[in-house]
There are 2 protein chains.
Amino acid sequence: MKSSSRTVQKEATRAAILQSALLVFSERGFDGSSTRDIAAHAGVHHALIKYHFGSKDTLWRAAVTFLFERQAAEMSFDMPPGKLDTRQQRRDYARLVLRHYVLYCARHPEHARLMMQESLRDSERLQWATDTFIAGIARGSERFVRMLQREGVLPDVSVPALVYIIVGAAQPFYTLAPEVRRVWGIDPAADSVIAAHIDALLAVLVR
Amino acid sequence: MKSSSRTVQKEATRAAILQSALLVFSERGFDGSSTRDIAAHAGVHHALIKYHFGSKDTLWRAAVTFLFERQAAEMSFDMPPGKLDTRQQRRDYARLVLRHYVLYCARHPEHARLMMQESLRDSERLQWATDTFIAGIARGSERFVRMLQREGVLPDVSVPALVYIIVGAAQPFYTLAPEVRRVWGIDPAADSVIAAHIDALLAVLVR
DNA sequence: ATTTTCATTATACATACGGCTAATGAAATT
DNA sequence: AATTTCATTAGCCGTATGTATAATGAAAAT
């Protein structure tokens, strides 16, 4: 583990490019983003993108990998915190998971923004992202939804439709924050607004 | 009202460019779309875009105008079909409106795709779209939601949050259709899948 | 039949793009 | 102190972009 001043600076540059890529890709999409813009926003020369990441495509994949690894780190709900014997316990668990998911969406709106842009049309990038990350998360979501259906917390309807209803109820309020600010005059980044959105989402989804 | 063969052909060309612009803008966003791509997809020379629409920006505005005028034409629910005296009548009206909105999203996924791309970040285009179209629709949605809240059909929580929950529950299943196909192996354009999604959405939202 | 109109095409231009090679220079190594 | 390493920068290449102007030619008007 080298930590010479040059290595530290190198990693800082790499991280700056990655964060800049997250922002630009999430706001303009892959085709609409330019490596020169990403480099300029990171304050480095555009040739460094090839040096650190190889190509625009590889940089995009590195950005997506960062997003899903962070999500996995911040949303580790594979094992419920306690026992889930009673219906009330499962309801509370559902509320807990949904609350944390909404908070994640509010904290990191660029995640859903970036993936949404890529899911609008089929592509090799979408195929890679689904195979590498999304398919596994989808299976976890399916188990989560089916458990809540068995318990009567969610209605017994199409599981894929339910998953997209839940995710769609959570994400757009934050991914479309610029529109929300202009149209409704409120800021989805404010804690009180987030709390109100969580209350609304739980009131609608968890019965 | 001229209808000479030249005028007819001119309008056909204009319409072809507009439809092509809807598709390309909705899949790649404004910055990711090129006027040459749009023209090639419409089968015309790219200089015709300047001739018929003035500029890329004006073409985008014409496309958005087309989308919202079509939505207004296909979603004329300002006046309920019958009287809304009883709670059951208001529930039925809510179901009717939501069903038709989901069907609109399924029929024309490019509408939400295009607007979503523009709502991810603030811009002059977003400002124009919100001032010209979205603000008015938002006020209508607010009235709709408040009526259902008074009747106990929707919970008494934050109205903007509820609006985005409803819209988010309806749109992504169709805007993100390529992802749905890859991850779940189902086609959100199929009638049976749409019907299942409507059932799920109504079961969750209308109590 | 001749002229005019105008939808369409050809072409040009300055800029921006992704990707690449060579040069640079400070830190690390010898 | 001399040499090597390598993160960073400068600059070029072929292509693509948005926009503008001139040329074309068939339909419309005279």
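In the text below, chain A, chain B and the rest are named by the order of the sequence lines, each starting its count at 1. Remember, it's a predicted structure, so these values are computed and weren't measured experimentally.
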For this session: Identify, between B:Gly43 and A:Phe30, the residue whose nearest nucleotide on DNA chain C lies closer to the 5' end.
Result: B:Gly43
Problem set entry | With sequence neighbours excluded, residues passing salt bridge (Lys or Arg N to Asp or Glu O under 4.0 Å) with B:Arg139 | none
Exercise. Do any side-chain nitrogens or oxygens of A:Ser34 fall under 4.0 Å of OP1 or OP2 in C:dA16?
Worked result: no
N/O donor to acceptor pairs below 3.5 angstrom from side-chain atoms of residues 127-137 of chain B, sequence neighbours left out:
| residue | atom | partner | partner atom | Å |
| --- | --- | --- | --- | --- |
| B:Trp128 | NE1 | B:Thr132 | OG1 | 3.4 |
| B:Thr130 | OG1 | B:Leu126 | O | 3.0 |
| B:Thr130 | OG1 | B:Gln127 | O | 2.8 |
| B:Thr132 | OG1 | B:Trp128 | O | 2.6 |

Could you go through residues 190-203 of chain A and list every donor-acceptor pair under 3.5 Å that involves a side-chain atom there, pairing it with any protein atom two or more places apart or in another chain?
| residue | atom | partner | partner atom | Å |
| --- | --- | --- | --- | --- |
| A:His197 | ND1 | A:Tyr174 | OH | 2.9 |
| A:His197 | NE2 | A:Ala169 | O | 3.1 |

Exercise. Using a heavy-atom distance cut-off of less than 4.0 Å, which residues of residues 9-28 of chain A contact DNA chain D?
Worked result: A:Gln9, A:Lys10, A:Thr13
Exercise. For C:dA28, does OP1 or OP2 lie under 4.0 Å from any side-chain N or O of A:Ser4?
Worked result: yes
For this session: Applying salt bridge (Lys or Arg N to Asp or Glu O under 4.0 Å), name anything that partners B:Asp187, two or more places apart in sequence or on another chain.
Result: B:Arg181
For this session: Take atom NZ of B:Lys50 and atom P of D:dT17, then tell me their distance rounded to the nearest Å.
Result: 18 Å
Exercise. Do the two ring centres, one from A:His108 and one from A:Tyr104, sit under 6.0 Å apart?
Worked result: yes
Exercise. Tell me the salt bridge (charged side-chain N to carboxylate O under 4.0 Å, His left out) pairs involving residues 95-108 of chain A, sequence neighbours left out?
Worked result: A:Glu74-A:Arg107
Problem set entry | Nucleotide nearest B:Leu48 (side chain, heavy atoms from C-beta), chosen from C:dC17, D:dA28, C:dT8 | C:dT8
Exercise. Taking atom C1' of C:dT8 as reference, at what distance in whole Å does atom CZ of B:Phe53 sit?
Worked result: 15 Å
Problem set entry | N or O in side chain of B:Thr35 less than 4.0 angstrom from D:dT17 OP1/OP2 | no
Check: protein-nucleotides 11-13 of chain C nitrogen or oxygen pairs below 3.5 Å:
none

Exercise. Ion pair present between A:Glu110 and A:Arg70, side-chain N to carboxylate O less than 4.0 angstrom?
Worked result: yes
For this session: Would you please name every residue forming a salt bridge (Lys or Arg N to Asp or Glu O under 4.0 Å) with B:Arg61, sequence neighbours left out?
Result: B:Asp57
Seminar exercise, completed: note: A:Asp37, atom CG; C:dT15, atom C1'; distance rounded to Å ~ 13 Å
For this session: Looking only at side-chain atoms of B:Arg6, point me to the closest of D:dG18, D:dA26, C:dA28.
Result: D:dA26
Problem set entry | Length of the CG-C1' vector between A:Asp57 and C:dC20, whole Å | 17 Å
Exercise. Which residues satisfy the salt bridge (Lys or Arg N to Asp or Glu O under 4.0 Å) test with B:Glu69, sequence neighbours excluded?
Worked result: none
